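Notes follow once the structure below has been shown.
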Amino acid sequence: MEQKLSSVAKTFTPSPIQELSHLAQRSNAINLAEGFPDFPAPSHLKKAAISAINSDFNQYRHVQGICDHLANIMKEMHGLDFDPRTDMAICCGQTEAFAAAVFAIIDPGDEVVLFDPSYETYEGCIRMAGGIPVYVALEPPHWTLDPDRFINSFTARTKAVILNSPHNPTGKVFTKDELETIAGACCRRDCMAITDEVYEHITYDNIKHISLASFPGMQERTIITSSLSKTFSVTDSAPAPFQEAALTALRSPPEYFEKLRREYESKRDYIVHLIAGIGFQIKFKPRGAFFLFAELPENYLLSDVEYVKELIKRAGVVAVPGCGFFHTTLSTEKLSQVGCSYQERYIRFAFCKSSATLAAAAQKLAELSDAMGGVIGGKNA
């Protein structure tokens, strides 16, 4: 079978996260790794889906009302005018939408600029389309964008820029100045942009999401991708009944989105306190999304992967090693005192979990921390 794969597909290797997922399942570990909620979806969505099923919406279907309502939302949120008949498409989740966008605009040899660290599926889509990923490292611990580094990443072959804000895995929300830098470069270079805005309603500390498409000259060169999965705690799919439920979701009142933001902000504050309490360095408090990208204690010997293995075995809690999100190195100056590069010093914790799950994880971590004198997973340097 392997001989039948494309030359690009043959270069793909299993994620190290898979090994850790299997270990976590065998250990019955609490899952703070994967970014999906473990609490119910809103009841009004489920009722709408059930009603649609009972109404026999079971054939190919395109619910135009979704596109119409999305056009209204984009006008209200970002001041953008879209034609719902020609400017929008319903996909089976953001990943399919992103892949469709990449295959629509990328030719073999085109370069695509991404920010590092980044969500792992972006690179695979780009390479499958024949594109060349070009990574621009964000500067830890606040994951700031260096304008010169970004501008210098462009060449005559640059076709597009990928932007995920709010950002997975760090929780960064790109600032207005950073977005202006990105928009200006795209306009000067006549490049496209593909945005992943799935966390658009999950921001903290009174920070508001700004779409790159709202900047001058960017609407016509930006493909926006988003999803219901993060805002409404549902796995994406596009069968007819779920399109009906999606329209119900999009019609949710403003109070729903504000309640969502408050609840996630509370969970963020809880996990920041929890993870700081077991010795992690919290130099950057997430401003959006629902992940905490925390740095291991300064004098800690283990790498991120080794730490997570120990965490699963000894505490029964699983998180994600940060190394899987990195693709480039800033400089040798970024080496830690224990000799590991900064890419091996971060752990991603997902806090899109029920209060019961977070409390159970806190108890397990506290018990192990007490047993080990405040150090979890190994020895200090």
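These figures come from a predicted structure and were not determined experimentally.
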For the residue pair [X] and [Y], does the interplanar ring angle fall in the parallel (under 30°), tilted (30 to 60°) or perpendicular (over 60°) class?
| X | Y | value |
| --- | --- | --- |
| Tyr342 | Trp143 | tilted |
| Phe284 | His142 | perpendicular |
| Tyr346 | Phe326 | tilted |

For [Y], is there any backbone N or O sitting under 3.5 Å from a side-chain donor or acceptor partner on [X]?
| X | Y | answer |
| --- | --- | --- |
| Ser55 | Ser51 | yes |
| Arg345 | Cys323 | no |
| Asn164 | Pro166 | yes |
| Gln219 | Asp81 | yes |
| Ser227 | Val198 | no |
| Thr11 | Val8 | yes |
| Glu96 | Cys92 | yes |
| Thr203 | Ile207 | yes |
| Ser266 | Arg262 | no |
| Glu178 | Thr175 | yes |

Item checked: Identified salt bridge (charged side-chain N to carboxylate O under 4.0 Å, His left out) partner of Lys283 from the options Glu139, Glu298, Glu295 ->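 Result: among Glu139, Glu298, Glu295, Glu295 is the only option passing the salt bridge (charged side-chain N to carboxylate O under 4.0 Å, His left out) with Lys283.
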Are [X] and [Y] packed together at the side-chain level, in the sense that at least one heavy-atom pair is separated by less than 4.5 angstrom?
| X | Y | answer |
| --- | --- | --- |
| Phe349 | Phe280 | yes |
| Asp116 | Leu138 | no |
| Ile202 | Lys230 | yes |
| Glu123 | Tyr135 | yes |
| Asp110 | Ile132 | no |
| Thr222 | Met192 | no |
| Tyr256 | Lys259 | no |
| Val136 | Asp146 | no |

Next item on the list: Count the heavy atoms of every other residue, nucleotide or ligand shown that sit under 6.0 Å from CG of Asn152, and state whether that count exceeds 12.
Entry: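 Result for CG/Asn152: enclosed.
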Note to self: For the CG atom on Asn206, are there more than 12 heavy atoms of other groups (residues, nucleotides or ligands in this structure) within a distance under 6.0 Å?
What the structure shows: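 Not buried by this count: 12 neighbours or fewer within 6.0 Å.
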Check: Does the side-chain hydrogen bond (donor to acceptor under 3.5 Å, both in side chains) test come out yes or no for Asn72 and Glu76, once each step is laid out?
Finding: CA-CA 6 Å; Asn72 293 334; Glu76 292 172 5; over 6 Å; no
Note to self: For Lys309, is there an ion pair with Glu306 - N to carboxylate O distance below 4.0 angstrom?
What the structure shows: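 No.
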Notebook entry, point to check: Could you go step by step and tell me if Lys267 and Glu263 meet the salt bridge (Lys or Arg N to Asp or Glu O under 4.0 Å) rule?
Noted result: CA-CA 6 Å; Lys267 292 177 188 293; Glu263 290 177 349; over 6 Å; no
Cluster question for you: counting only ILVMFWY and a side-chain heavy-atom cut-off of under 4.5 Å, with indirect links fine, are [X] and [Y] together?
| X | Y | result |
| --- | --- | --- |
| Val173 | Phe150 | no |
| Met128 | Val134 | no |
| Ile73 | Ile66 | yes |
| Ile194 | Val112 | yes |

Would you name the heavy atoms of [X] and [Y] that are closest together and state the gap between them?
| X | Y | value |
| --- | --- | --- |
| Leu250 | Phe232 | N-CZ, 4.3 Å |
| Pro147 | Thr181 | CB-CG2, 4.1 Å |
| Ile271 | Leu32 | CD1-CD1, 4.5 Å |
| Ile106 | Ala160 | CD1-CB, 4.3 Å |
| Ala319 | Ile347 | CB-CG2, 3.5 Å |
| Pro286 | Arg268 | O-NH1, 2.8 Å |

Item checked: side-chain contact (heavy atoms from CB on, under 4.5 Å) between Val320 and Val308, intermediate numbers included -> CA-CA 7 Å; Val320 173; Val308 171; over 6 Å; no
Check: Is NZ or CZ of Arg287 both nearer than 6.0 Å to the six-membered ring centre of Tyr204 and within 45° of the ring axis?
Finding: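 Not flagged: Arg287 not positioned over aromatic ring of Tyr204.
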Notebook entry, point to check: Looking at Phe36, does the NZ or CZ of Lys353 lie under 6.0 angstrom from its six-membered ring centre and within 45 degrees of the ring axis?
Noted result: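 Here Lys353 passes the 6.0 Å and 45° test against Phe36.
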Next item on the list: Begin with the C-alpha distance, continue with both residues' side-chain angles, and end with the deciding distance and a verdict on side-chain contact (heavy atoms from CB on, under 4.5 Å) for His273 and Asp269.
Entry: CA-CA 6 Å; His273 178 75; Asp269 293 342; over 6 Å; no
Rounded to the nearest 0.5 Å, what separates atom [atom1] in [X] from atom [atom2] in [Y]?
| X | Y | atom1 | atom2 | answer |
| --- | --- | --- | --- | --- |
| Asp38 | Thr357 | CG | OG1 | 3.5 Å |
| Tyr300 | Gln281 | OH | CD | 12.5 Å |
| His209 | Glu200 | NE2 | CD | 5.5 Å |
| Glu111 | Ile126 | CD | CD1 | 11.0 Å |
| His44 | Ser252 | NE2 | OG | 3.0 Å |
| Ser165 | Glu197 | OG | CD | 8.0 Å |

Note to self: Using side-chain hydrogen bond (donor to acceptor under 3.5 Å, both in side chains), reason through Thr225 and Asp196 one step at a time and then give a plain yes or no.
What the structure shows: CA-CA 5 Å; Thr225 68; Asp196 176 352; 4.5 Å; no
State yes or no: are the ring centers of [X] and [Y] separated by less than 6.0 Å?
| X | Y | answer |
| --- | --- | --- |
| Phe351 | Tyr270 | no |
| Phe291 | Phe325 | no |
| Phe98 | Tyr122 | yes |
| Phe174 | Phe115 | yes |

Margin query: What verdict does the salt bridge (Lys or Arg N to Asp or Glu O under 4.0 Å) test give for Lys285 and Asp205, after you've listed the backbone C-alpha separation in whole Å, the side-chain angles of each residue and the deciding distance to 0.1 Å?
Written below: CA-CA 10 Å; Lys285 196 173 183 180; Asp205 306 321; 5.4 Å; no
Next item on the list: Determine, step by step, whether His327 and Ser118 satisfy the side-chain contact (heavy atoms from CB on, under 4.5 Å) criterion, reporting the C-alpha distance in whole Å, the side-chain angles of both residues, the deciding distance to 0.1 Å, and the verdict.
Entry: CA-CA 8 Å; His327 305 82; Ser118 70; 3.4 Å; yes
Checklist line | Residues Asp190, Arg221; criterion salt bridge (Lys or Arg N to Asp or Glu O under 4.0 Å); working and verdict | finding: CA-CA 8 Å; Asp190 193 25; Arg221 65 180 73 251; 3.0 Å; yes
